[in-house]
> 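Here you go, one structure.
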Amino acid sequence: EKMVFLVFLYILVKLVMSDRSCKTPADKLCVFPFRYHSIEYTSCTWRDGHKTQGVPWCSLQVTDDGDHVNSKDGRGSTWDYCSGDCLTTHLECSPVTQECSNSSILQRCVETDGRTGGHVATWCVAVRDKRNGEEKTVHVECPQDCHGHRVLADGVTDLGFGLEEGFLGLCVGSSPECIIFAAVSFLLILLILTLVTIFVTIFCIWRNTNQGQEKKKM
């Protein structure tokens with residue numbers, strides 16, 4: 001029985017280690033967990049993707065406390081890209097609302113655990129000017145008033161104020177705001193059609209009247 005237990009324990013450890021193991025394209029082993037920006041990561045991350053060309057990465061070296069060791073030597077020193085079979089966090093970015101006081105903020109990004117779906121980290125994408133006049137995007141902490149348009153479903157985005165944007169920018173859903181929006185839109189369309197009908201009718205009457213007067217003159 002003891003031998004069976006040891007075999008079972010060995011298999012269990014192997015499964016756990018294989019699930020957590022991840023190698024980079026350079027065949028280097030990622031170190032998990034690692035702490036970056038005070039966030040503990042147990043999988044590859046998209047954080048600071050402007051430094052990794054938008055590729056998820058992992059730490060190769062951590063301190064005794066588990067913090068990622070930053071290095072100026074670039075990729076392959078203390079961090080590297082993650083290969084395709086590595087577990088990676090899920091990233092969802094959306095444009096910020098108009099209430100955001102920082103005009104350089106473009107998007108608000110939310111990173112969630114790839115297995116559990118739990119929240120991992122939140123940051124914003126901002127525009128910065130380079131010395132040569134060109135612009136670049138960087139990851140920054142989100143100001144408190146910078147909120148992203150909430151993605152409600154595939155192709156449906158929350159516009160704020162309870163409105164939802166769907167296909168071709170139309171409001172969808174059954175919320176009171178969307179119902180009011182749909183009703184007002186319908187009334188506006190009906191008003192425009194009525195005005196066009198009145199205009200066409202008046203034009204036809206005017207044309208027929210002129211044609212009748214010309215026939216009488218003849």
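Atoms considered below: every heavy atom in the structure, side chains included; atoms not considered: hydrogens, waters and symmetry mates.
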> Going by heavy atoms in the side chains, are Val127 and Lys136 under 4.5 Å from each other?
no

> Within the side chain of His50, is there an N or O that forms a donor-acceptor pair under 3.5 Å with the backbone of Val138?
no

> Just by distance, do the side chain of Ser59 and the backbone of His68 share a donor-acceptor pair under 3.5 Å?
no

> Who passes side-chain contact (heavy atoms from CB on, under 4.5 Å) against Cys86, sequence neighbours left out?
Cys22, Cys44, Cys82, Ser83

> Any chance you could lay out the side-chain contact (heavy atoms from CB on, under 4.5 Å) test for Asn70 and Thr78, step after step, and finish with the verdict?
CA-CA 7 Å; Asn70 291 311; Thr78 61; 5.8 Å; no

> Assess the residue pair Thr24 and Leu60 against the criterion (side-chain contact (heavy atoms from CB on, under 4.5 Å)); give the C-alpha distance rounded to whole Å, side-chain angles, the decisive distance to 0.1 Å, and a yes or no.
CA-CA 9 Å; Thr24 68; Leu60 301 178; 4.0 Å; yes

> Could you measure the distance from the NZ atom of Lys72 to the OG atom of Ser77? Nearest 0.5 Å is fine.
12.5 Å

> Please give me the minimum heavy-atom distance between Phe34 and Val31, naming the atom from each residue.
CD2-O, 3.3 Å

> Determine the interplanar angle of the Trp206 and Phe203 rings, folded into 0 to 90°, and report it as parallel if under 30°, tilted if 30 to 60°, perpendicular if over 60°.
tilted

> Between Asp113 and Thr116, is there a donor-acceptor pair closer than 3.5 Å when you use the side chain of the first and the backbone of the second?
yes

> Side chain to side chain contact (heavy atoms under 4.5 Å, CB included) with Leu191: which of Leu187, Leu193, Leu195, Ile189?
Leu195

> Please tell me whether Val62 and Ile39 are part of a single hydrophobic cluster in this structure, the criterion being side-chain heavy atoms less than 4.5 Å apart.
yes

> Can you name the closest pair of heavy atoms from Leu29 and Lys23 and give their distance?
CD1-CG, 4.0 Å

> Take Ile105 and Cys142 through the side-chain contact (heavy atoms from CB on, under 4.5 Å) test and state the conclusion after the steps.
CA-CA 8 Å; Ile105 301 293; Cys142 289; 6.0 Å; no

> Which heavy-atom pair separates His139 from Val125 by the least distance, and what is that distance?
CD2-CG2, 4.0 Å

> Drop me the distance from Cys93's SG to Glu111's CD, to the nearest 0.5 angstrom.
9.0 Å

> Roughly how far, to the nearest 0.5 Å, is the CG atom of Asp48 from the NE2 atom of His37?
4.0 Å

> At what distance, to the nearest 0.5 angstrom, does CD of Gln144 lie from OG of Ser101?
10.0 Å

> Taking the side chain as C-beta and beyond, is there a heavy-atom pair between Thr52 and Arg75 under 4.5 Å?
no

> In terms of hydrophobic clustering (I, L, V, M, F, W, Y; side-chain heavy atoms under 4.5 Å; direct or indirect links), are Trp79 and Trp123 co-clustered?
no

> How close do Phe32 and Cys58 get, counting heavy atoms only, and between which atoms?
CZ-CB, 4.0 Å

> Quick one: OG1 on Thr97 to CG on Asp145, what's the gap to the nearest 0.5 Å?
8.0 Å

> Quick one: do Leu190 and Phe199 end up in the same hydrophobic cluster if we chain Ile, Leu, Val, Met, Phe, Trp and Tyr together by side-chain heavy atoms under 4.5 Å apart?
no

> Checking Glu40 side chain against Pro33 main chain: does a donor-acceptor pair fall under 3.5 Å?
no

> Any idea which heavy atoms bring Thr112 and His119 closest together, and the distance?
CG2-CA, 4.2 Å

> Does a side-chain N-to-carboxylate-O contact under 4.0 Å join Arg47 and Glu141?
yes

> Roughly how far apart are Arg115 CZ and Ser43 OG, rounded to 0.5 Å?
6.5 Å

> Carefully, step by step, assess His147 and Val96 under the rule side-chain contact (heavy atoms from CB on, under 4.5 Å).
CA-CA 5 Å; His147 304 286; Val96 295; over 6 Å; no

> Tell me if the aromatic rings of Trp57 and Tyr36 count as close, with their centers under 6.0 Å from one another.
yes

> So, Cys109 with Cys124, SGs under 2.5 angstrom?
no

> According to a hydrophobic-cluster definition based on side-chain heavy atoms being under 4.5 Å apart (Ile, Leu, Val, Met, Phe, Trp, Tyr only), do Leu106 and Trp46 belong together?
no

> When hydrophobic residues are tied together by side-chain contacts of less than 4.5 Å, even through go-betweens, does Tyr41 share a cluster with Tyr81?
yes

